[in-house]
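Scroll down for the structure; my scribbles are underneath it.
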There are 2 protein chains.
Amino acid sequence: MDGQASKPRLDGRGSRAGDQGLDAVSKDDEVNSPLFNNSLAKGLDMLAKFRNQRNGLSLVELAELTGMTKSSAQRCTFTLESLGYLTKDPKTRKYKLSPKVLEIGFNYIGNNMLVDFANPYLHNLNKETGETVNLAEPYGSNVIYVSRFQSMSHIVAYMSVGTVIPMHCSSSGRAIMSTYPREQQERILDASHLHAYTDKTVTDTDTILRAVESCRTTGIAYTIEEYFPDDLSLACAIIGANGQAIGAINLSVPSSRWTLDDALARFGPQIKQAAFAVSSLKTL
Amino acid sequence: MDGQASKPRLDGRGSRAGDQGLDAVSKDDEVNSPLFNNSLAKGLDMLAKFRNQRNGLSLVELAELTGMTKSSAQRCTFTLESLGYLTKDPKTRKYKLSPKVLEIGFNYIGNNMLVDFANPYLHNLNKETGETVNLAEPYGSNVIYVSRFQSMSHIVAYMSVGTVIPMHCSSSGRAIMSTYPREQQERILDASHLHAYTDKTVTDTDTILRAVESCRTTGIAYTIEEYFPDDLSLACAIIGANGQAIGAINLSVPSSRWTLDDALARFGPQIKQAAFAVSSLKTL
DNA sequence: CACAGAAGTATCGATTATCGATATTTAAAA
DNA sequence: TTTTAAATATCGATAATCGATACTTCTGTG
């Protein structure tokens with residue numbers, strides 16, 4: 001008959017922009033399935049809208065951000081506050097996330113075999129080198145940090161587990177990409193915004209692909225001040241059962257104190273050794 | 001007319017057990033409000049059910065855990081998977097949390113002024129002492145860790161930001177409680193399970209209250225192997241605008257290597273100094 | 001290898017819970 | 001105080017969620 005999915009869908013959900021280049025595949029069919037629960041999607045979307053909103057969000061702001069009607073937003077905030085995921089400042093009536101959201105997030109880490117298995121190796125690497133060591137997992141066209149052991153002397157950035165960074169400008173991301181087939185590497189870069197976070201960020205696709213390719217032979221990927229200033233980062237992929245990366249270990253030093261060659265010579269073998277050890281966990 | 005809220009409510013939501021003694025206040029009226037969105041609550045409840053479920057959960061298991069019908073659970077998993085919060089193992093068809101939940105959870109930390117402000121002081125304390133330092137916030141009758149700087153030499157437990165520990169058996173919790181009026185202290189202990197996590201856990205209400213009281217005078221609360229084995233922990237409250245704690249800083253050392261008195265003498269003043277400095281952030 | 005049983009998936013009409021509009025109240029700004 | 005905007009409460013319509021059930025796929029057992 002009509003055959004067209006031309007339903008107006010003015011209910012706000014559906015665009016889901018700002019997803020940072022994740023889900024490259026269109027999921028429009030899924031949201032139109034009779035199984036898809038819109039109310040749930042709206043509530044989660046609302047929670048996600050609190051990213052970088054230090055001062056909290058008012059009801060109308062939330063309605064605008066999510067594209068809901070004020071009524072819908074009202075029901076959403078009421079429910080989320082009842083459940084303890086949001087708190088409302090009684091004076092300003094602005095909503096903020098409550099610690100309860102952390103608990104949900106933490107369940108991911110608490111259930112994560114890779115984190116469990118890798119932690120002793122990360123700790124050891126941190127102890128031997130005295131430098132900051134991270135464990136990251138692939139997350140769409142980004143990496144997400146799931147474990148972290150900081151250097152005591154110099155800290156380049158106060159960044160928490162859960163932080164998301166694009167693959168293309170992170171050493172871990174490049175190390176992970178290096179285990180993917182070329183076509184997938186290109187798809188990742190296409191889905192990325194290739195934003196220049198610093199004046200050293202490489203945004204040229206070919207240059208990035210060459211860097212990734214070189215990691216294939218050396219085993220170590222690196223970035224120099226491409227995301228955090230004064231940060232020189234080396235990474236090595238953790239290989240899963242299918243031969244592709246399930247994560248990466250990276251080590252960061254201040255670029256003001258280290259040259260790339262010195263850092264590679266000093267830390268490269270140790271990072272590789274740790275990543276190799278963790279790669280033996282083939283439970284994927 | 002009938003006036004009775006005697007609706008059967010067999011849809012599963014409503015008990016919300018396992019909430020670890022949080023929300024002591026009954027919220028039954030809220031869930032019966034016409035504003036309350038049950039679908040949203042069910043979906044979040046499902047996400048919460050993944051706590052300590054390393055192997056993932058099948059559809060029927062989720063239906064049982066949440067008390068939903070299989071149909072409801074099916075719609076829920078479908079929606080959560082479409083949105084990227086769950087992944088389904090194509091082989092076992094069990095669902096697991098995906099890293100996306102982390103992102104929601106850690107927006108809380110990213111927006112947290114206290115974490116931002118405290119981090120340099122925590123880092124400094126970690127650097128000067130070489131020991132593990134944490135920042136915790138009150139969370140119902142528990143504390144939740146929101147920032148962490150680990151010792152490089154000895155790590156008592158691989159515990160991540162987001163971890164929740166009962167107030168009654170954590171040094172941070174006792175330090176926080178010490179700033180509350182007696183009545184509230186008792187309410188917290190009543191809401192707690194007073195479970196003995198180790199053979200040293202104090203489960204006697206009066207003993208705990210006395211420990212809390214002594215912190216009021218000394219400024220430092222402590223626990224010795226009451227939650228983690230081989231852990232001696234000292235904590236000092238961070239005071240907010242209203243005079244009550246908005247968090248606590250704690251420092252952990254192996255109890256096998258330190259006596260309480262030595263640790264208090266060595267670290268007590270430094271912890272207090274850090275907590276005092278952070279307390280100057282009176283934005284609550 | 002075939003069978004049985006259980007879990008996963010798809011479909012469907014009934015009805016209830018969600019919907020947007022709007023009225024009312026409260027707070028902030030002029 | 002007056003004005004304006006945001007927050008909260010209310011309500012009938014109806015579309016989206018509901019549970020049941022049929023169907024399919026997987027798993028393990030004899």
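Just the heavy atoms: all of them, side chains too, but no hydrogens, waters or symmetry mates, feed the values below. Here the structure is a predicted model, which is why all the values come from computation and not from measurement. We name chains A, B, ... by the order of the sequence lines, and we start the count at 1 in each one.
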Item to complete: Look at B:Lys70 and D:dA22 and indicate whether a side-chain polar atom (N or O) is within less than 4.0 Å of OP1 or OP2.
Response: no
Worksheet item: Looking at side-chain heavy atoms only, is the closest gap between A:Asn55 and A:Thr92 below 4.5 Å?
Response: no
Worksheet item: If you measure from CG on B:Leu86 to OH on B:Tyr95, what distance do you get to the nearest 0.5 Å?
Response: 8.0 Å
Worksheet entry | Separation of C:dT22 P from A:Gln74 CD (nearest whole Å) | 15 Å
Response to the item:
Looking only at D:dC18, C:dG20, C:dT9, the nucleotide nearest the A:Ser72 side chain is C:dG20
Discussion item. Run the side-chain contact (heavy atoms from CB on, under 4.5 Å) test against B:Gln185 and tell me which residues pass, sequence neighbours left out.
Written reply: B:Met177, B:Tyr180, B:Arg182, B:Leu209, B:Val212, B:Arg216
Practice prompt. Pick base, sugar-phosphate or nothing for B:Lys94, based on heavy-atom distances below 4.0 Å to the nucleic acid.
Written response: nothing
Fill in: Candidate nucleotides D:dA7, C:dA7, C:dT9, ranked by approach to the side chain of B:Leu59 - the nearest
C:dT9
Practice prompt. Rounded to the nearest angstrom, tell me the gap between atom CG in A:Leu86 and atom P in D:dA7.
Written response: 14 Å
Response to the item:
Ranking A:Ser39 and A:Leu35 by the position along DNA chain C of their nearest nucleotide, the one closer to 5' is A:Leu35
Fill in: Nearest-Å distance for atom pair CG/P, residues B:Asn38 and D:dC18
8 Å
Discussion item. Evaluate A:Leu135 against A:Val161 for side chain to side chain contact (heavy atoms under 4.5 Å, CB included), listing each step before the verdict.
Written reply: CA-CA 9 Å; A:Leu135 174 65; A:Val161 162; over 6 Å; no
Practice prompt. Could you run through nucleotides 24-30 of chain C and give me one letter per nucleotide, 5' to 3': B if any protein heavy atom sits under 4.0 Å from the base, S if only the sugar-phosphate is that close, - if neither?
Written response: --SSS--
Worksheet, complete the sentence: Between CZ of B:Phe36 and P of C:dC19 the distance, given in whole Å, is 14 Å
Practice prompt. Give the ring-plane orientation class for B:Tyr197 versus B:His195, where under 30° counts as parallel, over 60° as perpendicular and anything between as tilted.
Written response: perpendicular
Worksheet item: Just to confirm, is there a sub-4.0 Å distance from OP1 or OP2 of D:dT17 to any side-chain nitrogen or oxygen of B:Arg75?
Response: no
Worksheet item: So does B:Lys42 get a side-chain nitrogen or oxygen closer than 4.0 Å to the phosphate oxygens (OP1/OP2) of C:dA17?
Response: no
Discussion item. By nearest atom, which of the nucleotides D:dT21, D:dT8, C:dT18 is closest to the B:Ser71 side chain?
Written reply: D:dT21
Discussion item. Any salt bridge linking A:Lys49 with A:Glu61? Criterion: basic side-chain nitrogen under 4.0 Å from a carboxylate oxygen.
Written reply: no
Worksheet item: More 5' along DNA chain D: A:Lys88 or A:Leu40, using each one's nearest nucleotide?
Response: A:Lys88
Worksheet item: Side chains of B:Met159 and B:Tyr227: closer than 4.5 Å at any heavy-atom pair?
Response: no
